[in-house]
Amino acid sequence: MSLASVQAFFAARQLDIPIIELEVSTATVAEAAAAHDVEPGRIAKTLAFRLNDGRDVILVARGDARIDNRKFKDAFGKGKMLPPDEVEAITGHPVGGVCPFGLATELPIYLDVSLQAYDEVLPAAGAVHSAVRLSPQQLHHITQADWVDVCQAFV
(Lines give C-alpha, C1' and ligand atoms only; values in the text may rest on other atoms or scores of the structure.)
Protein backbone atom coordinates (compact mmCIF):
# COMPACT_ATOMS: atom_id res chain seq x y z
CA MET A 1 0.00 0.00 0.00
CA SER A 2 2.92 2.31 0.63
CA LEU A 3 4.00 2.54 -3.00
CA ALA A 4 0.39 3.37 -3.83
CA SER A 5 0.45 6.27 -1.36
CA VAL A 6 3.52 7.70 -3.11
CA GLN A 7 1.82 7.33 -6.50
CA ALA A 8 -1.27 9.08 -5.11
CA PHE A 9 0.89 11.84 -3.59
CA PHE A 10 2.53 12.50 -6.98
CA ALA A 11 -0.80 12.32 -8.86
CA ALA A 12 -2.51 14.75 -6.46
CA ARG A 13 0.26 17.27 -7.14
CA GLN A 14 0.32 16.55 -10.89
CA LEU A 15 3.99 15.53 -10.68
CA ASP A 16 5.31 13.56 -13.62
CA ILE A 17 8.05 11.75 -11.72
CA PRO A 18 8.62 8.15 -12.77
CA ILE A 19 8.85 5.66 -9.94
CA ILE A 20 11.64 3.17 -10.55
CA GLU A 21 10.69 -0.34 -9.46
CA LEU A 22 13.40 -2.98 -9.43
CA GLU A 23 13.44 -6.73 -8.97
CA VAL A 24 16.10 -6.46 -6.26
CA SER A 25 15.95 -4.95 -2.79
CA THR A 26 17.05 -1.36 -2.36
CA ALA A 27 16.28 -1.37 1.37
CA THR A 28 19.78 -0.37 2.45
CA VAL A 29 22.00 2.38 1.14
CA ALA A 30 24.51 -0.20 -0.12
CA GLU A 31 21.83 -2.23 -1.91
CA ALA A 32 20.26 0.88 -3.42
CA ALA A 33 23.59 2.28 -4.60
CA ALA A 34 24.51 -1.04 -6.24
CA ALA A 35 21.08 -1.49 -7.82
CA HIS A 36 21.05 2.02 -9.29
CA ASP A 37 24.78 2.01 -10.10
CA VAL A 38 25.49 5.22 -8.17
CA GLU A 39 27.75 6.18 -5.31
CA PRO A 40 26.18 5.70 -1.85
CA GLY A 41 26.01 9.45 -1.22
CA ARG A 42 23.43 9.85 -4.00
CA ILE A 43 20.97 7.63 -2.13
CA ALA A 44 18.73 9.98 -0.15
CA LYS A 45 18.08 8.06 3.05
CA THR A 46 15.03 9.01 5.07
CA LEU A 47 15.27 8.76 8.85
CA ALA A 48 12.50 9.16 11.41
CA PHE A 49 13.21 10.71 14.81
CA ARG A 50 11.23 11.37 17.96
CA LEU A 51 12.34 14.57 19.62
CA ASN A 52 12.30 14.98 23.38
CA ASP A 53 9.41 17.43 23.04
CA GLY A 54 7.35 14.52 21.67
CA ARG A 55 7.35 15.57 18.01
CA ASP A 56 8.17 13.05 15.31
CA VAL A 57 10.15 14.38 12.35
CA ILE A 58 11.54 13.10 9.07
CA LEU A 59 15.12 13.84 8.05
CA VAL A 60 16.44 13.12 4.56
CA ALA A 61 20.24 13.03 4.18
CA ARG A 62 22.77 11.71 1.70
CA GLY A 63 23.25 7.97 1.98
CA ASP A 64 26.78 8.05 3.34
CA ALA A 65 26.09 10.80 5.89
CA ARG A 66 26.28 10.31 9.63
CA ILE A 67 24.35 12.39 12.12
CA ASP A 68 26.51 14.87 14.02
CA ASN A 69 25.07 14.71 17.54
CA ARG A 70 26.07 18.30 18.40
CA LYS A 71 24.54 19.74 15.21
CA PHE A 72 21.40 17.63 15.69
CA LYS A 73 20.98 18.84 19.26
CA ASP A 74 21.55 22.46 18.20
CA ALA A 75 18.88 22.15 15.49
CA PHE A 76 16.27 20.01 17.24
CA GLY A 77 17.20 19.49 20.86
CA LYS A 78 17.56 15.92 22.00
CA GLY A 79 15.97 13.11 20.07
CA LYS A 80 16.34 9.51 19.01
CA MET A 81 15.60 7.43 15.98
CA LEU A 82 12.23 5.73 16.01
CA PRO A 83 12.22 1.94 16.38
CA PRO A 84 11.39 0.11 13.13
CA ASP A 85 7.89 -0.97 14.22
CA GLU A 86 6.93 2.64 14.95
CA VAL A 87 8.45 3.92 11.71
CA GLU A 88 6.02 1.98 9.55
CA ALA A 89 3.04 2.83 11.77
CA ILE A 90 3.79 6.56 11.61
CA THR A 91 5.04 6.93 8.03
CA GLY A 92 3.00 4.21 6.34
CA HIS A 93 6.21 3.02 4.67
CA PRO A 94 8.25 -0.08 5.53
CA VAL A 95 11.78 0.37 6.81
CA GLY A 96 13.94 0.41 3.70
CA GLY A 97 11.20 2.13 1.70
CA VAL A 98 10.65 5.16 3.93
CA CYS A 99 10.49 8.41 1.98
CA PRO A 100 9.09 11.90 2.49
CA PHE A 101 6.21 11.33 0.03
CA GLY A 102 2.73 9.97 0.75
CA LEU A 103 3.19 9.80 4.50
CA ALA A 104 0.44 8.24 6.60
CA THR A 105 0.89 10.97 9.21
CA GLU A 106 1.67 14.58 8.40
CA LEU A 107 5.17 15.13 9.74
CA PRO A 108 7.69 17.96 9.60
CA ILE A 109 10.25 17.14 6.92
CA TYR A 110 13.86 18.32 6.98
CA LEU A 111 16.51 17.96 4.30
CA ASP A 112 20.14 17.91 5.33
CA VAL A 113 22.36 20.28 3.35
CA SER A 114 24.59 17.26 2.58
CA LEU A 115 22.18 16.44 -0.28
CA GLN A 116 23.19 19.64 -2.06
CA ALA A 117 26.53 18.10 -3.03
CA TYR A 118 24.71 16.25 -5.83
CA ASP A 119 22.74 17.30 -8.89
CA GLU A 120 20.55 14.22 -8.55
CA VAL A 121 19.59 12.03 -5.59
CA LEU A 122 17.50 8.90 -5.22
CA PRO A 123 15.08 8.66 -2.31
CA ALA A 124 12.97 5.55 -1.87
CA ALA A 125 9.38 5.61 -3.08
CA GLY A 126 7.48 3.76 -0.38
CA ALA A 127 8.70 0.20 -1.02
CA VAL A 128 11.94 -1.71 -0.47
CA HIS A 129 12.50 -1.98 -4.24
CA SER A 130 11.48 1.49 -5.44
CA ALA A 131 12.99 4.94 -5.86
CA VAL A 132 12.73 8.20 -7.76
CA ARG A 133 15.46 10.32 -9.32
CA LEU A 134 15.30 14.05 -8.73
CA SER A 135 17.43 17.01 -7.84
CA PRO A 136 17.77 18.16 -4.23
CA GLN A 137 15.95 21.34 -5.30
CA GLN A 138 13.02 19.31 -6.67
CA LEU A 139 12.97 17.28 -3.46
CA HIS A 140 12.85 20.51 -1.48
CA HIS A 141 10.07 21.96 -3.62
CA ILE A 142 7.92 18.82 -3.56
CA THR A 143 8.22 18.21 0.18
CA GLN A 144 8.21 21.87 1.29
CA ALA A 145 10.92 20.76 3.70
CA ASP A 146 13.25 22.96 5.70
CA TRP A 147 17.00 22.74 5.10
CA VAL A 148 19.10 21.84 8.13
CA ASP A 149 22.77 21.07 8.75
CA VAL A 150 22.86 18.09 11.12
CA CYS A 151 25.30 15.68 9.49
CA GLN A 152 29.04 15.40 9.84
CA ALA A 153 31.04 17.46 7.38
CA PHE A 154 32.54 15.75 4.36
CA VAL A 155 36.13 16.46 3.36
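On a predicted model such as this, the values are computed, not experimentally measured, just so you know.
- Contact of the Gln116 side chain with the Trp147 side chain is registered, since non-hydrogen atoms from C-beta on lie closer than 4.5 Å.
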What's the verdict on side chain to side chain contact (heavy atoms under 4.5 Å, CB included) for Val87 and Asp85, showing C-alpha distance, side-chain angles and the deciding distance?
CA-CA 6 Å; Val87 170; Asp85 59 321; over 6 Å; no
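- Ring pair Tyr110/Phe76 is perpendicular by interplanar angle, where above 60° counts as perpendicular and below 30° as parallel.
- Listed for the Arg50 side chain is no donor-acceptor partner under 3.5 Å among the backbone atoms of Gly79.
- Looking at heavy atoms from C-beta onward, Asn52 lies out of side-chain contact with Lys80 at the 4.5 angstrom threshold.
- At least one side-chain heavy atom of Leu139 sits less than 4.5 Å from a side-chain heavy atom of Pro100.
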| message | One pair to check against side chain to side chain contact (heavy atoms under 4.5 Å, CB included): Val95 and Glu88. What are the steps and the verdict? | response | CA-CA 7 Å; Val95 172; Glu88 186 163 5; 5.7 Å; no
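- Between Val121 and Pro136, the closest side-chain pair of non-hydrogen atoms falls below 4.5 Å.
- Between Arg62 and Asp64 there is a salt bridge, with a side-chain nitrogen of the basic residue lying less than 4.0 Å from a carboxylate oxygen of the acidic one.
- Nearest approach of His93 to Val6, heavy atoms of both residues: CE1-CG2, 3.8 Å.
- By the 6.0 Å and 45° rule, Arg70 does not stack over the aromatic ring of Phe72.
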Exercise. Take Glu31 and Thr26 through the test side-chain hydrogen bond (donor to acceptor under 3.5 Å, both in side chains) and record every step on the way to the result.
Key: CA-CA 5 Å; Glu31 289 173 342; Thr26 56; over 6 Å; no
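- For Lys73, there are no salt bridge (Lys or Arg N to Asp or Glu O under 4.0 Å) partners two or more places apart in sequence or in a different chain.
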message: I'd like to know whether Ile20 forms a side chain to side chain contact (heavy atoms under 4.5 Å, CB included) with His36, so could you lay out the CA-CA distance, the side-chain angles of the two residues, the decisive distance to 0.1 Å, and finally the verdict.
response: CA-CA 10 Å; Ile20 303 161; His36 294 287; 3.8 Å; yes
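- Looking at Phe101 and Thr143, their side chains come closer than 4.5 Å, going by heavy atoms from C-beta outward.
- No donor-acceptor distance shorter than 3.5 angstrom exists from the side chain of Glu86 to the backbone of Pro83, with no hydrogens or angles considered.
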message = Determine whether Arg42 and Asp119 satisfy the following criterion, side chain to side chain contact (heavy atoms under 4.5 Å, CB included), listing intermediate values before the conclusion.
response = CA-CA 9 Å; Arg42 287 190 183 270; Asp119 60 339; 2.9 Å; yes
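- Nearest heavy-atom pair, Leu3 versus Ala125, reported as atom, atom and distance to 0.1 Å: CD1-O, 3.2 Å.
- Counting heavy atoms from C-beta outward, Val38 and Arg133 have side chains that approach closer than 4.5 Å.
- Rounding to the nearest 0.5 angstrom, the gap separating the CE atom in Met81 from the CG atom in Leu59 is 9.0 Å.
- In this structure a side-chain-to-backbone donor-acceptor pair under 3.5 Å is missing from Asp68 to Val150.
- For Asp37, the CG atom counts as loosely surrounded, since its 6.0 Å shell holds 12 or fewer non-hydrogen atoms of other residues, nucleotides or ligands.
- Counting only heavy atoms from C-beta outward, the side chains of Val148 and Lys71 never approach each other to under 4.5 Å.
- Checking side-chain atoms of Asp112 against main-chain N and O of Val60 turns up no donor-acceptor pair under 3.5 Å.
- Contact of the Ile58 side chain with the Thr91 side chain is registered, since non-hydrogen atoms from C-beta on lie closer than 4.5 Å.
- In terms of heavy-atom proximity, Cys151 sits nearest to Ala61 at SG-CB, 3.8 Å.
- Exactly one of Leu107, Ile109, Leu51 qualifies for a side chain to side chain contact (heavy atoms under 4.5 Å, CB included) with Val57. That residue is Leu51.
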